[in-house]
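Have a look at the structure below, then the notes.
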Amino acid sequence: MKPMKPMKIVLVIDQFDSGNNGTTVTARRYAEQLQQRGHTVTVLACGESGMLEDGVKKVGAPENRLPLVDGIIKSQGMQFARPVDEAYYQAFKGADIVHFYLPFRFCRRGEEIARQMHIPTVAAFHMQPENVTFTIGMGNCRPVNDFLYGWCYREFYNRFSYIHCPSQFIADQLREHGYDANLCVISNGVDDAFVPRKVARPPAFKDKFVILMVGRLSAEKRQDLIIEAAKRSRYRDRIQLIFAGRGPKEADYRQQGASLPNRPSFGFFEQEELVKLMNACDLYIHASDAEIEGISCMEALACGLVPVISDSKRSATNQYALDERSLFRAGDADSLAQKIDYWIEHPEERADMGREYARVGDGIRVSACVEKAEKMYRDAIQDYHDHGYRHPRQGPIKRLLHPNTEKMRSAEFEYCPAAPWKRELLAFLTTLFSPLLFLINTVYFGFTVEGRRYLEEIEGGVTVMNHVHPMDCTMVKLATFPRRTYFISLRRNLDLPFTGWLVRLFGGVPIPDTPKELVQFQRQIEEAVLRGDLVHFYPEGQLVRYHESLREFHRGAFFTAVRTGRPILPMVMTYRRPGPLLGLFKKKPCMRLLICAPQYADPALSRNAAVQELMERTRRVMEERANGPTPDYQVEPSETSEAYN
């Protein structure tokens, strides 16, 4: 059997450095295991960049502080990363696949960049809506939870063909709420460190029955229920509760547990300490009302610790209970107290069941789970190469689409309108809004242009520029005014309910998705160039804000120039420091657009060779123009007229 080629895998997650939640713990273990299996793993997350101990590369991003809710986020032991295009670019370069962990802004922007870079993607569903709603006191409000499932789909998960689900329970929930991707059920897995061990029992545990729960101290985890059950137990004088975790409810739980004969212990434990603690305890309780999988419970049973688990219908963890002795009625302190008393009174049964649970833990090791994840990655990569990126299907939850979306799929759709009145409308709108664009770009961005004279040398052509700012298309519009200019744009920019029309009216042309659309697209933009219009490409593809150098080019713009016999007009966006006055309120650099001499294809070469040579020469011209005078690389236009028509 032919060995599988190693992959370059990028994991994108807001928080990676501190393993104080199940999602981060899972990402860290997957990264380590994938690296050990021969893959190259890069993690993009909040914090500093560098190489981690296990050989995993980390690309850091700044923290994104949210003033109104920052306290709640910190109390949950979480932090969010701020989207920075340069960080995405550095992490994604050369990647075979990108794996996103959470549906928040950091991952949403990352998916956009990965799509622009033509990299296959998968997502994981680790954030159960109840994790949010219990924090704000609305955990039992089904309409709110349903709304969050829908929001997650509309804003993020409808972009993916493959979604990693840690349990069959959450896969069923997603299917029920209209998620129509391939839902890959793969456990987060248990690290090999979690095994039964003989450890010296701390003196503080002498003559105590020690009960452990690991998890955030938050409302949905129901540590309050464990404290209440301990109070109702016949053996309350012997019970010692240990809560391993941090969270916003710690002060409340300390106060609630103060009346117990043995006050509960609270703390956070690193992995090695946690393994020892689990092997020193007598019983594990998982009382959560809502849980996607329950990795801490899996770790406990892998250490041979008998669990007592809530039978909540919103929790997947109860799947690990081997019989009714390990289940209690969700939210019922009396039921939980009865189970605690049973296991205290039957130590021999507890020892036997501990060995059974340890065997269960051996069957869900993270190494086996990562092997399944590898298959998911390869399937997603193959699916991308066969079908491209996923478009939301019509279903119970629909993404808002621009009316032009369906029209684009028909043979009659006009990418670059040929009718004179439509072309004049584009010119009118450009003229109407040019003063406003001029004011915004020159005053706010400090925008200047050099080399406008080169526009006078060409009748129609293809303009190219590095893509470094969301507003740089408007700067090109100003630089080429009053020429009609069309911009090759991502289709989703035309899918937007209101601004999509504006993008279209101002010359936005959507990148096609299918071969049939591509033929029509290519024909129409060539006709526009031959009519004397300008068609603007970003040959780098993706936007990376304020990137200092040129990135890899794609061939589309140069293919169009060769096919039409018209020139490439290179432009390169550079930066300069704000002047003394502008520098008082502007911290970021000013934008300066340098227009280079037109570049014509070499007629002595074959079409493919001419495209490649023109692309490389244009890049060289742009690099040298950014660092000095325009080099004399151009081929005279008379040599190329009609050469490739």
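Only this structure's heavy atoms are used, side chains among them; waters, hydrogens and symmetry mates stay out. Nothing here was measured: the structure is a model prediction, and the numbers come from that model.
- Distance CD1/Ile381 to CG/Asp386: 12.0 Å, rounded to 0.5 Å.
- The environment of Lys93 atom NZ is dense: over 12 non-hydrogen atoms of other residues, nucleotides or ligands sit within 6.0 angstrom.
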Exercise. Is there a side-chain hydrogen bond (donor to acceptor under 3.5 Å, both in side chains) between Tyr153 and Asp180 once you walk through the steps?
Worked result: CA-CA 10 Å; Tyr153 179 88; Asp180 47 8; 3.1 Å; yes

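- In summary, the side chains of Asn262 and Gln240 do not present any donor paired with an acceptor at a separation below 3.5 Å, with no hydrogens or angles considered.
- For the pair Asp289 and Lys221, the salt-bridge criterion is not met [side-chain N within less than 4.0 Å of a carboxylate O].
- When every heavy atom of Cys297 is checked against every heavy atom of His286, the shortest pair comes out as CB-ND1, 3.7 Å.
- Every residue two or more places apart in sequence or in another chain that forms a ring pair (Phe, Tyr, Trp, His ring centres under 6.0 Å) with Phe104 is listed here: Phe80.
- Side-chain contact annotation: Gln319 with Ser167, donor-acceptor N/O pair under 3.5 Å absent.
- Ionic pairing of Glu345 and Arg234 is present here: one or more N-O contacts between side-chain nitrogen and carboxylate oxygen are shorter than 4.0 angstrom.
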Taking only distance into account, with no hydrogens and no angle test, what donor-acceptor pairs under 3.5 Å do side-chain atoms of residues 47-56 form with protein atoms, sequence neighbours excluded?
{"from": "Ser49", "atom 1": "OG", "to": "Gly60", "atom 2": "N", "distance (Å)": "2.7"}
{"from": "Asp54", "atom 1": "OD1", "to": "Val56", "atom 2": "N", "distance (Å)": "3.2"}

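- Asp224 has a carboxylate O that lies under 4.0 Å from a charged side-chain N of Arg222, or vice versa, which qualifies the two as a salt bridge.
- The existence of a salt bridge linking Glu112 and Arg109 is confirmed by a sub-4.0 Å separation between a basic side-chain nitrogen and an acidic carboxylate oxygen.
- In this structure, the separation between CZ on Arg28 and CG on Asp191 is 11.0 Å, given to the nearest 0.5 Å.
- How far NZ of Lys8 is from CD1 of Ile119: 8.5 Å, rounded to the nearest 0.5 Å.
- Aromatic ring centroids of Tyr377 and His99 lie under 6.0 Å apart.
- A distance of 5.5 Å separates CG of Leu102 from CD1 of Ile13, quoted to the nearest 0.5 Å.
- Checking side-chain atoms of Gln15 against main-chain N and O of Gln79 turns up a donor-acceptor pair under 3.5 Å.
- Glu130 has no carboxylate O lying under 4.0 Å from a charged side-chain N of Lys313, or vice versa, which leaves the two without a salt bridge.
- With hydrogens and angles left out, the side-chain atoms of Ser218 and Arg216 include a donor and acceptor closer than 3.5 Å.
- Remark: Arg246 is positioned above the aromatic ring of Phe268, its terminal NZ or CZ atom under 6.0 angstrom from the ring centre and at most 45 degrees off the axis.
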For this session: Could you go through the side-chain hydrogen bond (donor to acceptor under 3.5 Å, both in side chains) check for Ser187 and Glu293 one step at a time?
Result: CA-CA 8 Å; Ser187 172; Glu293 186 178 29; 2.5 Å; yes

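- For Lys231, the NZ atom is densely surrounded, since the number of other residues' heavy atoms within 6.0 Å is greater than 12.
- The pair Arg105-Asp14 does not meet the salt-bridge criterion, since no charged nitrogen lies less than 4.0 angstrom from a carboxylate oxygen.
- Counting heavy-atom neighbours within 6.0 Å of Arg263 CZ, excluding the residue itself, gives a total of 12 or less.
- Aromatic pair Tyr88/Phe106: ring centres closer than 6.0 Å.
- Tyr157 has its ring centre less than 6.0 Å from the ring centre of Phe125.
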For this session: Evaluate the criterion salt bridge (Lys or Arg N to Asp or Glu O under 4.0 Å) for residue pair Arg232 and Asp334; output intermediate values, then yes/no.
Result: CA-CA 7 Å; Arg232 300 183 188 188; Asp334 287 328; 3.0 Å; yes

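- The side chain to side chain donor-acceptor pair (under 3.5 Å) test with Asp282 singles out one residue from Arg238, Arg201, Lys208, and that residue is Arg201.
- The CG atom of Asp172 lies 4.5 Å from the CD atom of Gln168; values are rounded to the nearest 0.5 Å.
- Donor-acceptor pairing under 3.5 Å is lacking for the side chains of Tyr179 and Gln173.
- Of the possible polar contacts, none joining the Asp311 side chain to the Leu327 backbone as a donor-acceptor pair under 3.5 Å is found.
- By the 6.0 Å contact criterion, CD on Glu272 is enclosed, its count of non-hydrogen atoms from other residues, nucleotides or ligands being greater than 12.
- The pair Glu356-Arg359 meets the salt-bridge criterion, since a charged nitrogen lies less than 4.0 angstrom from a carboxylate oxygen.
- Salt bridge annotation for Glu374-Arg37: present, with a cationic side-chain nitrogen under 4.0 angstrom from a carboxylate oxygen.
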For this session: Check step by step if side-chain hydrogen bond (donor to acceptor under 3.5 Å, both in side chains) holds for Tyr101 and Thr24.
Result: CA-CA 9 Å; Tyr101 274 79; Thr24 299; over 6 Å; no

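- Separating the CD1 atom in Ile227 from the CG atom in Leu241 is a distance of 6.5 Å, to the nearest 0.5 Å.
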